[in-house]
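The structure appears below as structure tokens.
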Amino acid sequence: MTSAPSSAAAGLPPDFRFGTSTASYQIEGAAVEDGKGRSIWDTFTAQPGRIVDGSTGDVACDHYHRWREDVELLRRLGADGYRFSIAWPRIQPTGSGAVNEAGLAFYDRLVDALLGAGVQPMATLYHWDLLQALEDAGGWLNRDTALRFGDYAGVVAERLGDRVAHWCPVNEPNVVTMSGYALTELAPARGLLFGALPAAHHLLLGHGLAVQALRAHASGQVGTATNHMPVWPLADDEADTTAAGYLDLLWNRLFADPILLGRYPDAFLDAMPGPVADDLALISQPLDFYGLNYYNPMGVRAAPAGSPIPFEYADLTGFPTTGFGWPIVPSGLTDLLVDFRERYPGMPPIVITEGGCSFNDGPDEHGVVDDQARIDYLDAHVRAVADAVARGVDVRGYYCWSLMDNFEWAHGYTQRFGLVHVDFDTLVRTPKRSFDWYADLVRQHHAVRP
Ligand code: GCO
């Protein structure tokens with residue numbers, strides 16, 4: 001049995017929640033089952049060259065059929081909470097109008113099973129799997145998509161609002177905007193550069209409309225799940241520092257300021273479409289928590305003269321890295337949390353709604369997955385949260401990405417983030433040593449509760 005170092009959670013508040021996160025397209029499979037509509041990820045993964053290993057989420061972890069087994073894993077883990085996402089295409093197969101009862105019933109059963117296992121459900125309403133029918137009408141560039149999203153949120157809230165403990169309306173609106181609409185790494189791969197900015201506004205408007213619907217029909221806490229990174233200049237010179245300031249505005253402030261301050265950074269205000277002032281009143285409705293996904297800091301350098309955008313992503317050096325090549329910088333999380341508290345004094349409590357690492361360890365000859373690197377990553381980052389708490393930041397939870405290995409978007413099944421190993425040929429689940437470590441951590445933390 002792997003015993004967690006008791007100091008890992010030392011200093012965290014007694015009611016601090018430990019959980020894990022997943023997302024519908026990344027784990028469910030059942031891509032065309034029970035009336036589900038076509039999503040932009042069904043389209044994107046069918047296009048040659050989009051996914052590094054040519055795979056799709058058609059089967060993924062087959063969670064749609066194996067959800068009882070996965071809930072049992074969560075019960076064994078002893079997690080306080082489980083963050084999953086609801087596939088809009090299962091609820092409204094055309095993106096509006098008629099509701100698909102089979103889709104709602106799936107999540108109804110899942111929520112009841114989680115509660116039965118003593119796990120608090122945290123539901124994300126949008127984790128990137130937009131209806132293709134809505135994308136064909138402009139997707140998040142079209143204000144109507146935000147309005148449809150608000151309607152969808154109301155449908156889900158009416159059905160699950162009495163039992164879901166925490167809600168995250170939109171997962172990472174910044175990643176959707178930057179990687180899906182400005183660039184072409186993720187679906188729908190529009191490559192619009194600054195032409196993508198209206199999508200940012202409509203994703204945030206969708207967040208606001210969903211908050212309104214949840215407040216009307218649900219009893220749980222409402223928050224966010226935005227990816228935030230400290231942006232570090234590669235060189236300590238004016239050019240790279242200016243580039244870092246610009247990317248910090250674009251990646252972090254453009255999405256946090258509207259929600260937490262009710263305004264856009266001046267540099268972007270004129271780029272936003274529609275009745276922005278009215279929209280910002282919706283977008284900045286009070287929240288019960290601010291969900292923040294942290295993996296690592298981001299390096300940046302100034303772009304060459306004449307480039308369409310004034311910065312270039314750049315790999316940070318001098319740090320250990322994950323199997324994905326991402327730098328491992330726990331102090332970056334502490335700094336980010338302290339910075340948020342200082343920038344947004346009146347902000348609600350923070351929950352780390354995603355944090356984790358990719359290491360591709362598999363079962364050894366004894367069937368043991370010895371992923372010590374993941375244990376070290378999680379230990380260091382839980383301690384980094386405790387450091388931020390010691391410096392006065394109100395952090396209420398840490399949700400490890402991910403419960404199980406799953407479909408890692410454009411990287412297919414080549415990157416493993418799970419506490420549980422999945423054999424994608426047999427779909428057999430094998431809890432890794434990090435699963436046992438995390439279970440011990442949770443048990444030890446529960447033991448200190450009054
Ligand atoms: C994200 C997404 C997850 C990813 C995870 C690892 O943060 O990009 O929410 O779906 O799989 O972060 O990249």
Side-chain angles (χ1 to χ4, degrees), residues 19-29 39-41 44-45 50-53 55-57 60-61 63 82-88 122-130 167-183 185-187 189 203 207 223-230 251-252 255-256 290-298 313 321-328 332-333 336 351-360 371 373-374 377-378 381 398-420 422 424 434:
T20 68
S21 285
T22 63
S24 46
Y25 188 80
Q26 295 180 271
I27 68 166
E28 286 181 0
S39 81
I40 58 175
W41 276 90
F44 188 72
T45 55
R50 293 295 197 185
I51 311 300
V52 296
D53 61 359
S55 64
T56 75
C61 307
H63 173 75
Y82 170 58
R83 176 177 172 240
F84 63 96
S85 81
I86 294 169
W88 190 354
M122 177 186 278
T124 303
L125 289 171
Y126 182 69
H127 203 124
W128 303 1
D129 41 3
L130 181 68
W167 295 93
C168 304
V170 177
N171 178 72
E172 302 192 339
N174 48 353
V175 178
V176 175
T177 302
M178 297 288 279
S179 301
Y181 284 87
L183 303 173
E185 182 201 354
L186 302 179
L203 281 155
H207 162 85
T224 59
T226 302
N227 182 297
H228 285 295
M229 298 178 169
W251 188 271
N252 294 310
F255 296 89
Y290 190 83
L292 180 157
N293 298 347
Y294 174 85
Y295 290 89
N296 48 267
M298 175 162 39
Y313 296 125
T321 57
T322 70
F324 213 159
W326 297 357
I328 300 174
L333 176 53
L336 185 72
V351 174
I352 311 297
T353 36
E354 280 182 32
C357 53
S358 172
F359 286 103
N360 284 358
D371 60 336
R374 177 169 290 102
Y377 178 99
L378 292 173
H381 285 78
Y398 187 90
Y399 284 65
C400 170
W401 182 272
S402 179
L403 169 63
M404 69 184 95
D405 298 337
N406 58 55
F407 179 78
E408 178 52 29
W409 307 115
H411 293 271
Y413 299 101
T414 65
Q415 298 296 334
R416 295 177 176 273
F417 281 84
L419 295 172
V420 176
V422 177
F424 290 105
S434 58

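Read the numbers this way: they start at 1 and go in the same order the structure lists the ligands and their atoms.
Results of the side chain to side chain contact (heavy atoms under 4.5 Å, CB included) test with Y295 over H228, E354, M229 single out E354 as the only residue that passes. The side chain to side chain contact (heavy atoms under 4.5 Å, CB included) test with P173 singles out one residue from T224, T226, N227, and that residue is T226.
By the side chain to side chain contact (heavy atoms under 4.5 Å, CB included) test, A373 pairs with F359, sequence neighbours left out. Remark: A23 engages Q26, S85, H127, W401 in a side chain to side chain contact (heavy atoms under 4.5 Å, CB included) (not counting sequence neighbours). Applying the side chain to side chain contact (heavy atoms under 4.5 Å, CB included) rule to S179 yields the partners V175, E185, L186; only residues at least two apart in sequence or on another chain are considered.
Enumerated by chain and number, the residues approaching ligand 1 to less than 4.0 Å through a heavy atom are Q26, H127, W128, N171, E172, Y295, W326, E354, W401, E408, W409, F417.
Looking only at atom types and distance, the side chain of S434 has a donor-acceptor partner in the side chain of D371 under 3.5 Å away.
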